[in-house]
Amino acid sequence: MSEMIREDGRKYNELRPIKIEAGVLERADGSAYLEVGGNKILVAVYGPRESYIRRLLEPNTGVIRCRYNMAPFSVDDRKRPGPDRRSAEISKITADALRPALMLENYPRSMVDIYIEVIEAEGGTRCAGITAAAVALVDAGVPMKDIVVGCAAGKVNDEVVLDLSEVEDKEGQADVPIAIMPRTGEITLLQSDGDLTEEEFQQAIDLAMEGCMKVSELQKEALMKKYSTE
Amino acid sequence: MSEMIREDGRKYNELRPIKIEAGVLERADGSAYLEVGGNKILVAVYGPRESYIRRLLEPNTGVIRCRYNMAPFSVDDRKRPGPDRRSAEISKITADALRPALMLENYPRSMVDIYIEVIEAEGGTRCAGITAAAVALVDAGVPMKDIVVGCAAGKVNDEVVLDLSEVEDKEGQADVPIAIMPRTGEITLLQSDGDLTEEEFQQAIDLAMEGCMKVSELQKEALMKKYSTE
Amino acid sequence: MSEMIREDGRKYNELRPIKIEAGVLERADGSAYLEVGGNKILVAVYGPRESYIRRLLEPNTGVIRCRYNMAPFSVDDRKRPGPDRRSAEISKITADALRPALMLENYPRSMVDIYIEVIEAEGGTRCAGITAAAVALVDAGVPMKDIVVGCAAGKVNDEVVLDLSEVEDKEGQADVPIAIMPRTGEITLLQSDGDLTEEEFQQAIDLAMEGCMKVSELQKEALMKKYSTE
Amino acid sequence: MDIVPEITRESITNLIINDKREDGRALDEYRDISIETNVISKAEGSARVKLGGTQVIVGIKPQLGSPFPDTPDLGVLMTNCEMLPMADPTFEPGPPSDDSIELARVVDRGIRESELVELDKLCVEEGKHVWMLFIDLHIIDNCGNLFDAAELAVMAALKSTKLPTASIVDDEVVLDKENTFDLPINNEVAMCTFVKIGDKMVIDPSLDEERVASARLNVGVTREGRICAMQKGGKYPLTKDDIFTAVNTAISKTKDLIEYL
Amino acid sequence: MDIVPEITRESITNLIINDKREDGRALDEYRDISIETNVISKAEGSARVKLGGTQVIVGIKPQLGSPFPDTPDLGVLMTNCEMLPMADPTFEPGPPSDDSIELARVVDRGIRESELVELDKLCVEEGKHVWMLFIDLHIIDNCGNLFDAAELAVMAALKSTKLPTASIVDDEVVLDKENTFDLPINNEVAMCTFVKIGDKMVIDPSLDEERVASARLNVGVTREGRICAMQKGGKYPLTKDDIFTAVNTAISKTKDLIEYL
Amino acid sequence: MDIVPEITRESITNLIINDKREDGRALDEYRDISIETNVISKAEGSARVKLGGTQVIVGIKPQLGSPFPDTPDLGVLMTNCEMLPMADPTFEPGPPSDDSIELARVVDRGIRESELVELDKLCVEEGKHVWMLFIDLHIIDNCGNLFDAAELAVMAALKSTKLPTASIVDDEVVLDKENTFDLPINNEVAMCTFVKIGDKMVIDPSLDEERVASARLNVGVTREGRICAMQKGGKYPLTKDDIFTAVNTAISKTKDLIEYL
């Protein structure tokens with residue numbers, strides 16, 4: 001790994017500044033707010049609860065539904081409200097990323113709704129959303145065997161680096177967002193866009209996993225802060 | 001109040017010419033046709049009847065559903081068919097305006113559908129729609145404790161006047177549509193757009209209520225004409 | 001009838017080359033592929049099966065649902081995916097055309113789904129779709145009292161001719177697509193667009209029925225080929 | 001679902017077997033027809049048609065638009081139909097149903113294939129500006145045979161249509177709403193609709209007759225007695241004889257209908 | 001359906017009959033209010049408002065567009081509201097509900113009818129290019145009285161809005177994002193919302209108060225104490241006295257609200 | 001819901017534990033592959049791919065359009081996928097499902113990130129006119145592993161695509177459909193998809209294997225063996241080893257797939 005300093009002054013394995021807060025909304029069963037770099041993410045969790053959408057429910061377990069949404073004012077050019085193809089994909093893989101940690105066997109025919117709102121976007125919203133959602137799930141008291149955490153690595157100027165900013169994502173050569181269950185290191189989300197050799201890919205995974213472990217500590221701190229002040 | 005004569009020759013407290021007819025359609029359980037100024041409004045009522053839209057029904061009472069719709073050819077520039085934000089709002093407040101007069105306690109799990117079609121629009125369609133809908137509800141035999149009636153007052157050239165025409169609405173300073181239950185004078189619809197002092201607002205309400213009482217007589221005449229000829 | 005030779009060299013009562021194949025898909029309960037002229041049509045049949053769309057089902061008989069769809073790449077200018085008014089109409093009359101031959105009395109509360117995909121279009125897709133759908137229905141083992149078959153006649157250069165090509169359809173004066181049950185000669189689909197005298201219309205019907213009988217033989221050959229090789 | 005009681009089915013069918021109908025009409029007799037035009041002041045053309053209890057309103061609104069690339073010098077017709085939920089307890093609010101789309105398309109076909117609107121006279125500037133006519137069909141009361149009522153209403157509304165004069169000044173279209181001209185129309189068309197009940201073809205069906213019928217046939221015929229549009233509907237087949245008989249009747253009946261215009 | 005337990009209904013109503021409220025407020029007292037502006041760096045204007053537990057975020061995004069034909073020299077305001085499903089267990093994902101549309105339209109009316117945004121200064125080239133301001137209301141926590149919170153947030157966001165300088169060079173619009181100017185605003189407006197419980201008009205209702213109320217009244221008032229928008233909601237009527245009293249109270253209360261801006 | 005009988009689950013899992021599969025393939029063996037190109041005369045590029053019983057048709061249609069403002073000299077690719085209801089009894093008519101969107105986006109990512117289409121050669125006039133290529137994926141028979149079949153079909157269709165020559169004459173685009181040119185392509189890509197069953201990573205899964213699998217991994221690899229796209233799917237996690245092993249296998253297997261093109 002190189003000693004190169006990145007556009008925003010970070011080292012190759014340095015995260016952007018992160019702030020996580022649990023329990024920021026009154027109505028939701030659980031909630032969290034996360035800032036990382038210029039990203040601002042708000043997550044609310046409702047459930048496990050009944051749902052009138054019967055075809056989504058299962059007789060032997062609770063299910064989750066995830067909605068990732070960007071505010072119209074979260075990006076430079078106003079985004080039309082409502083779902084698009086990108087948010088549909090992210091919603092799907094975010095549900096896949098969180099589901100392995102949930103223990104909903106005792107909640108048959110119930111649903112957990114996870115609402116991820118991107119209030120402001122600056123690269124890396126999907127990992128930030130997963131990280132915040134996991135905190136909100138704990139805040140909601142949803143039984144889980146681990147707190148899923150997300151982080152991305154990528155390739156910029158032929159170097160594998162951690163946690164791409166918006167500029168690095170646009171100008172960079174590859175982006176590899178992942179999510180893991182930190183207790184086992186199992187991977188629950190993995191995407192890769194861009195150009196990587198097999199070796200670079202392995203470096204990226206290792207670096208992103210390290211990043212995940214650091215973010216995991218911040219998740220726990222946020223939760224402890226919430227519980228200790230209660 | 002002034003002696004000013006309005007653009008179309010009316011006095012400040014004068015309604016446009018009104019024509020109301022009950023029972024104009026064969027299939028509907030009740031119907032009415034209303035012309036006021038250049039407005040042409042047709043209303044049909046179905047129910048109380050069963051509905052397959054179960055989530056709208058209530059176990060202890062009948063419910064109403066209201067759809068205000070403008071024909072594509074009802075305005076100078078063709079309107080796209082289908083609901084827009086304006087018609088969604090008017091549908092909602094029209095249902096709110098009519099509901100207080102209805103006695104649907106003996107019709108649990110049933111629905112009354114009120115369809116208001118603006119065939120031609122010339123200012124004041126929401127009040128005209130409510131007035132016609134009340135007549136159609138009587139024609140349908142829906143039990144009611146009063147016949148709701150709507151009328152607007154407004155401000156034009158700094159004067160408070162009754163029942164704005166399309167031109168007055170566009171060029172005027174304020175529009176205050178209301179609906180009342182004439183027996184008690186209770187107000188079931190109230191909106192106000194534009195600029196009014198507190199005193200002007202009070203004048204507008206008083207004037208609009210007078211207008212309502214006049215229109216109420218025409219509703220009753222239309223119903224008597226229908227029943228006497230039957 | 002005249003001795004005129006048509007733009008593509010055919011005689012007035014000559015069909016375009018036709019190829020029919022039964023059983024071309026693995027998942028579907030029945031399927032067929034049909035080429036006529038430049039048309040390429042694929043049909044899949046599922047059912048009789050249960051359906052969650054309860055309001056479409058009937059207590060005393062099975063029902064059919066038909067979806068005619070054109071691939072975006074099937075025409076010169078790309079077609080937007082999804083249903084339009086033309087495909088909604090064709091879906092409806094295709095279901096009407098096939099229904100009389102089906103014997104679904106023993107399948108109450110069940111549904112037969114017929115999916116017609118126009119992979120490439122060159123004039124006459126609705127008749128081709130019906131012809132292929134009937135073969136797919138046999139392939140699916142849906143009980144039928146006859147194998148419906150479609151064919152069109154039309155008017156080009158003041159002559160009544162069989163099976164219009166795309167060019168003839170565009171430049172011609174009338175198009176009369178029909179479908180029949182060949183055993184009885186009863187007509188299950190009939191449309192007519194364009195300008196015809198009563199006599200020309202009668203000629204067109206007679207010619208189209210002849211065409212249907214020829215195509216009917218090809219349907220049977222395709223089915224025999226399928227069953228003999230199994 | 002719109003279920004007909006068995007007793008209605010039987011009584012209607014038995015009457016028709018004996019060449020009779022509930023309302024006393026002959027099998028080839030229309031209900032009362034009334035046509036009013038210019039019923040909507042804000043529409044450039046309009047008509048209200050009553051056919052028995054069936055009621056239809058049509059409004060015509062013109063808009064300047066671009067021609068289709070393959071017909072740069074022709075105006076454009078757009079026919080829309082709303083089967084309003086007020087018209088029938090089984091009609092639902094929402095986007096047009098398949099029935100509504102079929103009605104619009106069959107009515108439109110009658111107008112379009114008879115080439116009665118002179119579309120070339122609706123061109124303002126070739127390739128750039130043409131008149132688009134929006135023909136909006138509003139179904140307000142459904143007592144059967146919407147097709148014939150709708151075709152009459154569209155025909156009457158078109159004949160009543162007046163367009164503002166358009167001219168090109170400095171590359172822009174200028175409209176003169178004071179000087180209007182009649183929509184140029186060079187033909188007339190009417191539609192005659194049959195249903196099959198028992199083995200009879202019955203004209204201008206009532207709602208109950210539609211419900212018990214086995215099949216439907218629409219026949220659009222021009223002033224000169226030429227067939228310009230046909231459509232079979234319904235769950236059961238027709239014979240060739242049914243169709244040929246109906247077409248023959250339609251050619252004479254549409255002459256009467258066109259008299260009303 | 002959002003059913004209120006009978007016991008909640010009784011306890012709230014009994015309190016209010018005695019001029020008391022669950023949270024100890026007077027009937028004409030607002031909950032705590034906090035307003036932050038410039039909370040979204042990528043938005044040209046933004047604000048977050050907390051009104052008790054209710055939270056609303058507003059972002060303003062400008063876009064160059066064509067003016068409406070009848071106002072060729074005026075900018076355009078577009079107000080949208082998303083009642084996010086995160087804000088309330090009964091809110092659903094999907095297109096805006098009728099409640100959401102009503103909220104957006106009532107809030108918009110307050111802004112529009114008070115004419116506080118100087119739309120003529122948003123014209124870049126008459127008839128061709130004007131600024132369109134998208135006002136996006138994001139409801140993130142619903143603890144009652146969304147109307148007043150939303151109006152405050154929109155007002156605060158508009159006051160914080162800075163637009164890039166636009167000029168016409170060679171017939172094209174050139175933006176200078178370095179040189180921004182404050183959105184020109186020449187008035188202020190606030191909304192004061194009442195619900196009727198028993199025979200009392202109660203200000204700034206909590207969620208439970210909204211649920212047991214018989215009717216709602218929104219009153220929008222400008223800095224000068226003039227009424228610019230009103231809307232009655234709810235299943236039951238109001239008397240003239242209810243309304244006149246509420247309007248009178250609103251005129252004084254909105255002065256306090258405008259202080260927060 | 002697509003429920004797998006427990007007995008199917010057990011039998012497939014037991015086979016795979018023993019490195020065997022229902023149809024006799026090795027764990028890293030593909031089913032039979034056939035690729036036909038130019039199957040749609042009216043499309044500028046097309047291909048039909050069969051992968052075992054799975055069948056996919058792709059058609060490519062070009063359209064002239066405006067470039068994106070931030071890439072004024074580049075053409076545009078648009079990938080759409082319709083999982084036709086004919087392909088699988090659980091597919092529904094209607095707008096694309098989330099599965100369909102994911103498939104389109106993952107396949108698209110393989111094409112886009114490998115930068116194989118030379119988008120700069122699709123520019124007709126910078127900032128004004130570029131070619132937009134609509135890549136329409138038609139899924140007609142789903143017997144498992146749609147991803148790899150779809151990527152092969154898109155790749156084959158792109159390689160078969162011929163565009164008309166476009167030139168600018170008097171400020172307008174003129175097309176010469178007689179003189180076509182091959183879509184400029186400077187790389188190749190294939191996708192290799194795995195599912196995890198038990199603790200094994202299995203290549204080119206059948207439908208039943210997909211249903212019993214705990215997770216899915218798509219790996220897109222270029223001709224030079226570089227990774228251009230990956231996506232994990234499914235309800236259960238993968239280990240780092242699962243992924244590294246799969247990537248290594250994918251790099252060699254995609255070489256074979258690219259041979260078919």
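Every chain is numbered from 1, with letters handed out A, B, ... down the list of sequences.
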Exercise. Checking Asn69(A) against chain E: side chain, backbone, both or neither under 4.5 Å from a heavy atom?
Worked result: side chain
Exercise. Which bit of Arg78(A) is near chain E, if near means a heavy-atom gap under 4.5 Å: side chain, backbone, both or neither?
Worked result: both
Exercise. Taking NZ, NE, NH1 and NH2 as the nitrogens, is one of them in Glu209(E) or Arg21(E) under 4.0 Å from a carboxylate oxygen of the other?
Worked result: yes
Exercise. In terms of heavy-atom proximity below 4.5 Å to chain E, should Ser31(A) be classed as side chain, backbone, both, or neither?
Worked result: neither
Problem set entry | Any donor-acceptor N or O pair under 3.5 Å, side chains Thr165(E), Asn179(E) | no
Exercise. For the candidates His138(E), Lys61(E), Met86(E), which exhibits the highest count of non-hydrogen atom pairs separated by less than 4.5 Å from chain A?
Worked result: Met86(E)
For this session: Using only heavy-atom distances, determine whether the side chains of Arg105(E) and Gln231(E) contain a donor-acceptor pair under 3.5 Å.
Result: no
Problem set entry | Between Pro96(E), Pro89(E), Ala87(E), Ala43(E), the one whose heavy-atom pairs under 4.5 Å with chain A are most numerous | Pro89(E)
Exercise. When heavy-atom pairs shorter than 4.5 Å are enumerated against chain A, which of Ile140(E), Ile60(E), Thr54(E), Val58(E) gives the highest number?
Worked result: Ile140(E)
For this session: Check whether Leu84(E) gets within reach of chain A through its side chain, its backbone, both or neither, counting any heavy atom under 4.5 Å.
Result: side chain
Exercise. When heavy-atom pairs shorter than 4.5 Å are enumerated against chain E, which of Val24(A), Asp29(A), Val43(A), Asp76(A) gives the highest number?
Worked result: Asp76(A)
For this session: May I ask you to check whether over 12 heavy atoms, not counting those of Glu6(E), lie within 6.0 Å of atom CD?
Result: yes
Exercise. Are Glu188(E) and Leu116(E) close enough that some pair of their side-chain heavy atoms sits under 4.5 Å apart?
Worked result: no
Exercise. Do the charged groups of Arg27(A) and Asp88(E) touch, with an N to O distance under 4.0 Å?
Worked result: yes
